[in-house]
Amino acid sequence: MSDNKLYTRKFDFFYGAFHALKNINIDIQTNRVTALIGPSGCGKSTFLRSLNRMNDIIPGICVNGEVVLDGKDIYERNVDVVDLRRRVGMVFQKSNPFPKSIFENVAYGLRINGERNRSVISRRVEESLKDAAIWEEVKDRLGESAMDLSGGQQQRLCIARALAVKPEIILMDEPASALDPIATQKIEELIFELKKNYTIVIVTHNMQQAARVSDYTAFFYLGELIEFGETDQIFTKPGLKKTEDYVTGRFG
Amino acid sequence: MSDNKLYTRKFDFFYGAFHALKNINIDIQTNRVTALIGPSGCGKSTFLRSLNRMNDIIPGICVNGEVVLDGKDIYERNVDVVDLRRRVGMVFQKSNPFPKSIFENVAYGLRINGERNRSVISRRVEESLKDAAIWEEVKDRLGESAMDLSGGQQQRLCIARALAVKPEIILMDEPASALDPIATQKIEELIFELKKNYTIVIVTHNMQQAARVSDYTAFFYLGELIEFGETDQIFTKPGLKKTEDYVTGRFG
Amino acid sequence: MQLLSKITRTVKFRRLKEKVIESFFFINGSFAVIVLVGIFSLLLIEGFPALQEIGFKEFFLSSNWNPTSPVREAYGILAMVVSTLMVTLGALIIAVPLGIACAAYLADVAGPRTREIVKPVIEILAGIPSVVVGFIGIIVVGPLLSRLFGTSHGLNALNGSLLLAVMALPTIVSISEDAIISVPREFKNASLALGATRWQTLIRVTLPSASSGIIASVMLGMGRAIGETMTVLMATGNAPALPSSFLESVRTMTATIAIELGETVQGGIHYRSLFVIGFVLFIMTFFVNLISDVILEKYQKVNR
Amino acid sequence: MKIRKRNVQQWAGFFILRLAALVIVFILVFILYDIISKGHRVISWEFLLEKPRRGMTEGGIWPAIVGTFWVSLVTIVFSVPIGMFTAIYLNEYARQGRIVRLIRLAIRNLSGVPSIVYGLFGFALFTLYLNLGLSIISTGMTLGLLTLPWTITASEEALKTVPMSYREGALALGATKWQTIRSNVLPYAVPGMLTGTILGLARAAGETAPILFTGVAFFWPILPKFPVNLTQQFMALPYHLFIMSTQHHEIVKVRPLAYGTALVLIVLIIFMNTVAVWIRYRFRKKYKRA
Amino acid sequence: MERHFHEQLQELKNRLLEMGARVEKSIDLAIESLVRRDSPEAEKVIQADDIINQFEIEIDDRCLKLLALQQPMAGDLRFITSAMKINNDLERMGDHAVNIAERAVTLNSRPSLKPITELPKMAAIAVSMVRESLNCFVNGDAEKARELCKKDDEVDGYDDRIFHELLTYMTRDKGNVARALDLLMISKNLERIADLSTNIAEEVIFIYKAKTIKHHLNSSDLDDVRSRS
Amino acid sequence: MERHFHEQLQELKNRLLEMGARVEKSIDLAIESLVRRDSPEAEKVIQADDIINQFEIEIDDRCLKLLALQQPMAGDLRFITSAMKINNDLERMGDHAVNIAERAVTLNSRPSLKPITELPKMAAIAVSMVRESLNCFVNGDAEKARELCKKDDEVDGYDDRIFHELLTYMTRDKGNVARALDLLMISKNLERIADLSTNIAEEVIFIYKAKTIKHHLNSSDLDDVRSRS
Ligand SMILES: Nc1ncnc2c1ncn2[C@@H]1O[C@H](COP(=O)(O)OP(=O)(O)OP(=O)(O)O)[C@@H](O)[C@H]1O
Ligand SMILES: Nc1ncnc2c1ncn2[C@@H]1O[C@H](COP(=O)(O)OP(=O)(O)OP(=O)(O)O)[C@@H](O)[C@H]1O
Ligand SMILES: [Mg+2]
Ligand SMILES: [Mg+2]
Ligand SMILES: O=P([O-])([O-])[O-]
């Protein structure tokens, strides 16, 4: 048992017969950034998407063990997935703004939650855009299509969209991997700001990025959680040979 | 004037009215790796593709100045583009093996050049696969489809394919950006090996990668060549403030 | 507490609503299956008694079709099966090279301007109703053929093939063109970067990569030709005999049904035998489409 | 030397390809030219708006136009909703499994079934078993079945062009499935669905074989009045053309009328195609950056 | 763009400055305890060394983390590696201060050999060098750092004079030898502190001018950089 | 997977070893010139320092480049930062050797004070510490490095004894003072060399055990690591 907001115990995940995650025990610290690293196909994305049950979309999956959010296993039968996803927001690898106006993108989550009050909506939109550090860039063009923004701006817009419904946890699957270094840096800085108010879990291919943005790092390999610990520990003095080999590039 | 195999002088490039490259003077050192870095849209790819006239495919382009290969301007009228591209090979960002067998992929370049002799072809194929450090992994399955290889293997196969026609210069446009860190490392090591026999120009988004693989680095910004020099110089003590700001991430 | 129960209520309501919506769509989705099964069983039910009466052997192996003969009714469909295949084959011989060449031209050679002109042309050609094509066959192609070959009229298998070729061309061109255009740009770039000419790239890389799509387009065109009714009805002369050359008049399976169903007695053996022909057509096109389907699926897998 | 040879090879190859395209363009131009040049002479308000007279050697084609219109209307009403809903089921709700495979198999086969077979089926089912007789409604429903696979396929294509990321984005924000579909899928798919539907309808409007036995009449000058008269027989443009070109007793005399009918039919179909293409064009332009 | 990383660099700078201040204070105190013959003061210096050592460990760790986590380049990289060296230099100055304090305790326990006049002057210069070199480091003032290197000569001059003076004392009276030796060692310690400040100044020049001037004895930039003790 | 980078690390190791060998040789030579009263030998040591300084610059540069170009992590990173420190330590040992050589020249120019017996023994231990600490570094032998740290005590013992002996000489005869002082300084230099070797050993432990043992005076791992002079 743990006092953490979110933790997993003996968590297993199967794609049909393929055992994609094996006995994962991890504690996600509140108001910290946890990075998931590991070679391609080790199950990072699968794990991330297990945390808000986005994997449910995929047919033939099967889970075992617990993922506990606020003391409640999210895989229990009576859990409302829709509500869960509202509490555990997600940002995707490729920015995916809806082809609506900037304003409507951010307002979307509020509207589907039944918020009708105009002034409430526009206040939340402004707040979210500010939190996502994109307000200054778009405040004069909220009515324009979100598709006209640059890649980095789109990604921050998607973050704003996720923030608008006030999630407690934000999951990010390689949020900067499609961006150029400058846009990437902006996203990294944003993550650093966001952790003041949110708990963040981020998957990244880029070890350096994990090193830069996270407080805790989890190293996955072949579906197993090899090592989990403070980021500076993992990158300066990892506890296990496998981790050391991976971070120093002696792997594979 | 210069004694280098490949250099440009006062090179300008236009997409229609858009001035994409401005007065580029660069000397590509023989048997060295030259990396092109710079923020997105600065013209790195455009420049690279100018070196083997792959830009010719795009309608409405216009060039000025010289790109000199072995003392001859490749943009002169009587230059045969097809022949030029054989001498200046290219590897693309997304690995693009043909949907043929592994063997046929590498043999392709030889066949289109009219090589019919089976034993010559199979010798060249083996050599190229060895040079591209993928021979061991595929030697028992040369007849299988190249599409079944992993991303990193595909990329090395594409390199082997480019090597088969014995180019003098190899251009690579972000050859590892779609790969995971381990495959990326293999490509980087391969580049290091290849420079013994080839002259390599590589575009990369990833500054660290440029630092690791190249001997010379060219920093582009807004279509201009800002600084060009030895890689360790550029990354430890760049000559210009702009370069320093870019490599230390104080940019934009 | 009250709030909590309200939340549970809304959650329950939401789930119920979602379930209802999904079921509604599912019911619609099942309709296609019902229709197909309906067609299959109806053809079988209506046709089977006739087959029993006539006998398999005569029905499939005799080429004598004379249901209205006052002497002895004959129900052999061999002649029309052969006619159907022959006309179809002729059509493919004409349409396949032309169609693929045109597709390659559009996808790889033509400038955007040309493509903008030719693509709508193909679409319009696809839209021309079969009666209109048949009409042209009677009025223009027929006389032309009779003059060319010195026959009394030009309503023969060749005419049918020509017209069917026109009918099949749009299918072949547009699906092949799709296949060729969806060959990833990267393949072409790779080939060009290796010093291949555009022609070499087209022949050695692009077309082979698109081959399954192209083959599928041919199969689909073939299915279309086999099932085509009005053009062949109007342009092939309607002679229910085993043809020996392309210059003879023929009558295909589809044409037979079209001509004769109106004159039959419902429930009679003639009526039922036409349903059997329909059934055979159904099966033939089923297999042709199945093959093209398998090929297409493979091709989609490769290009993913 | 070698280089020149390769250039010649390329030139010759491209020449052949260009020729093929030219041939196809020529075929269409020829057909259109023939029909327009000979058909336009008989076109008049009288031809369009009058009933045929004197054993159809004079007068117009108004009943055929009206008949085609009503049949098409029934076709739409019958096939479009089912088609779209099926597509939504398949693309949005269905999980890969036996049932879905079965449905897809059925759809693919339906699209390959020859139109004459639909005619047989419609005849047996609607006119005989369901006792709808030879009527507009039987015919419309037959054509509805014929167009169903096209509508489904076109709708599914349209749904597929909506990026997965729109759905994931909405779901991840806590939208329900139906909310996601309604707000983030359908708006972007409807124009595409419309395009496909209209294209299918244009093809259906030109079909002859399936309607031969379900109610089309050689000569039926009584115009149907909605809704009571959907059970009556009717005339249709393609069938009229068929009659005028093959079955008429004074075939040479009515040839100009046949040309006129062909012209009207073609114009109608081209018009529908143009509308569909226009919608697609606007749709693409609007969401191109997506 | 301001980066979180740059804040961390700033923090590193501040920590180094703080450490520098402590080191200065230790040196001052040690000399004072000698002049005022106040041994408890010297004890404080000895105790304070623990804190300075903690500083060193912390700063070293900080640098290592920055290197591992931020992949610094160019100026930032030079800054961090130099910080590691400066850190080392400061810690050693701290050790020298302790040595001085220890000698002071020994000396204070015995009668005064002579009035101590030169050593405080020398110490003042050395301490000012420490302070100034760190200021140069903070303000990125390579010019001033260059000048600072020349000050080292002054300190060396004091060292020489003190050495000769003490030699006289020793040769004059055997009883003086041990105490003179202690004073001599203190002078040597101060001289080393000045040397280490010079090292810091050199690092500053390295960071901001990207030039290695150490050992370039015949470089015109700085003719008088001495090889270290 | 073997990486080009790892070759470069190996090369860095080799360069450090080479530098270490030169430093050892300088120390040996300096002591020999003292024992054999052979000033030209001492001159050689002084000249050789230039090369050692060149080594230092080169190795430092190498490390900086590796840090900038290869983004080392974990063990590799610790290796490189430690290499920078070891490099610094070696260079300072070189300087100490020069100091010894300079004193030797002075001493050689005057009559011998006494037969030199203890210093060579002390030097032998110091040199062996240099060699062994570098060996530990090369072989990644943290155990041995830990033992090595204890050897420093022996050297300190020599230093103490020599100091007292020389003190006796000085107090005995004023004329001895200057020469005894020189010898005393040589002993101090050797003691520093041993200290620096201890530093290297500590770095080795840091690299391979990822533990900072410096200053952890009451750590059970190593109770006797001394704070630096
Ligand atoms: N829908 C799926 N069906 C079956 N197997 C899957 C599916 N998605 C992923 N897998 C498999 O599960 C494993 C883990 O996949 P996952 O996407 O989580 O890896 P990852 O660590 O995110 O890799 P990457 O860094 O490449 O994104 C892989 O072996 C993958 O092949
Ligand atoms: N085909 C084209 N037509 C018009 N402009 C183009 C075209 N291709 C590129 N450009 C423009 O030229 C500039 C340079 O493009 P280029 O692709 O060379 O950039 P890059 O440095 O490679 O960027 P990236 O890192 O994003 O690949 C950009 O501003 C781009 O918008
Ligand atoms: Mg992933
Ligand atoms: Mg580019
Ligand atoms: O398309 P048809 O009506 O001729 O089958």
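A, B, ... follow the sequence lines: proteins, then strands. Residue 1 opens every chain.
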TODO: To the nearest 0.5 angstrom, please state how far the CZ atom of D:Phe14 sits from the CG atom of C:Asp108.
DONE: 6.5 Å
Open item on the list: More than 12 heavy atoms of other residues, nucleotides or ligands under 6.0 Å from NZ of C:Lys17: yes or no?
Closed with: no
Task: Flag side-chain contact, heavy atom, 4.5 Å: C:Phe135 against D:Thr261 - done: no
Open item on the list: For the interface with chain D, which of C:Val35, C:Ile257, C:Leu220 has the highest count of heavy-atom pairs at distances below 4.5 Å?
Closed with: C:Ile257
- [ ] Just say parallel, tilted or perpendicular for the rings of D:Tyr93 and C:Phe25, cut-offs at 30° and 60°.
- [x] parallel
TODO: Measure D:Ser245 against the heavy atoms of chain C and call it side chain, backbone, both or neither at under 4.5 Å.
DONE: both
Task: Minimum heavy-atom distance between D:Val117 and C:Gly278, given as atom pair plus value - done: CG2-O, 3.7 Å
Open item on the list: Using heavy-atom distances under 4.5 Å, tell me whether D:Leu199 contacts chain C through its side chain, its backbone, both, or neither.
Closed with: neither
Task: Toward chain C, the part of D:Val29 with a non-hydrogen atom under 4.5 Å - done: neither
- [ ] Would you mind reporting whether C:Leu202 and D:Leu17 have side-chain heavy atoms less than 4.5 Å apart?
- [x] yes
Task: side chain to side chain contact (heavy atoms under 4.5 Å, CB included) between D:Leu120 and C:Phe275, worked out - done: CA-CA 7 Å; D:Leu120 279 176; C:Phe275 274 86; 4.0 Å; yes
Open item on the list: Before you tell me yes or no, could you show the steps for D:Tyr118 and C:Ile39 under side chain to side chain contact (heavy atoms under 4.5 Å, CB included), namely the whole-Å CA-CA distance, both residues' side-chain angles and the distance that decides it to 0.1 Å?
Closed with: CA-CA 8 Å; D:Tyr118 277 102; C:Ile39 293 178; 3.9 Å; yes
Task: Sub-4.5 Å side-chain heavy-atom contact between D:Asn273 and C:Glu123 - done: no
- [ ] Below 4.5 Å from any heavy atom of chain C, which atoms of D:Leu102 appear? Answer side chain, backbone, both or neither.
- [x] both
Open item on the list: For C:Cys102 versus D:Ala21, what's the shortest heavy-atom pair and its separation?
Closed with: SG-CA, 3.8 Å
- [ ] Report yes if the side chains of D:Arg108 and C:Asn289 come closer than 4.5 Å at any heavy-atom pair, otherwise no.
- [x] no
- [ ] Can you see which heavy atom on C:Gly29 is nearest to which on D:Ile103, and at what distance?
- [x] O-CG2, 3.5 Å
Open item on the list: Do C:Val118 and D:Val25 make a side-chain contact, defined as non-hydrogen atoms from C-beta onward lying under 4.5 Å apart?
Closed with: yes
- [ ] Below 4.5 Å from any heavy atom of chain C, which atoms of D:Ala258 appear? Answer side chain, backbone, both or neither.
- [x] both
Open item on the list: Report which part of D:Ile270 has an atom under 4.5 Å of a heavy atom belonging to chain C: side chain, backbone, both, or neither.
Closed with: side chain
Open item on the list: With a 4.5 angstrom heavy-atom cut-off, is it the side chain or the backbone of D:Leu28 that approaches chain C, or both, or neither?
Closed with: both
Task: Any C:Ile139 side-chain heavy atom under 4.5 Å of D:Tyr259 side chain - done: yes
Task: D:Tyr129 side, atom OH; C:Leu42 side, atom CG - distance, nearest 0.5 Å - done: 5.0 Å
TODO: Select one option (side chain, backbone, both, neither) describing which atoms of D:Leu237 are under 4.5 Å from chain C's heavy atoms.
DONE: neither
Task: D:Leu22 portion near chain C, given a 4.5 angstrom heavy-atom threshold - done: neither
- [ ] Indicate the atoms forming the closest heavy-atom contact of C:Ala32 with D:Leu110, along with that distance.
- [x] O-CD1, 3.7 Å
Task: Non-hydrogen side-chain atoms of D:Leu145 and C:Phe31 separated by less than 4.5 Å - done: yes
TODO: Mind checking the CD-OG1 spacing from D:Gln9 to C:Thr197? Nearest 0.5 Å is all I need.
DONE: 6.0 Å
Task: Side chain, backbone, both or neither of D:Phe213 within contact of chain C (heavy atoms, under 4.5 Å) - done: side chain
Open item on the list: As a quick check of understanding, evaluate side chain to side chain contact (heavy atoms under 4.5 Å, CB included) for D:Thr208 and C:Thr229, giving each step before the final call.
Closed with: CA-CA 8 Å; D:Thr208 318; C:Thr229 312; over 6 Å; no
Open item on the list: Walk me through whether C:Ile128 and D:Ile269 qualify under side chain to side chain contact (heavy atoms under 4.5 Å, CB included).
Closed with: CA-CA 7 Å; C:Ile128 292 182; D:Ile269 284 166; over 6 Å; no
- [ ] With the side chain counted from C-beta on, respond yes when C:Leu169 and D:Ile27 share a heavy-atom pair under 4.5 Å apart, and no when they do not.
- [x] yes
TODO: Locate the shortest heavy-atom distance separating C:Glu22 from D:Tyr89; write the atom from each residue and the value.
DONE: O-CD1, 4.4 Å
TODO: Check D:Gln10 against C:Arg198 and note the closest heavy-atom contact, atom names and distance.
DONE: OE1-N, 3.1 Å
Task: Distance (rounded to the nearest 0.5 Å) between D:Asn109 CG and C:Phe282 CZ - done: 6.0 Å
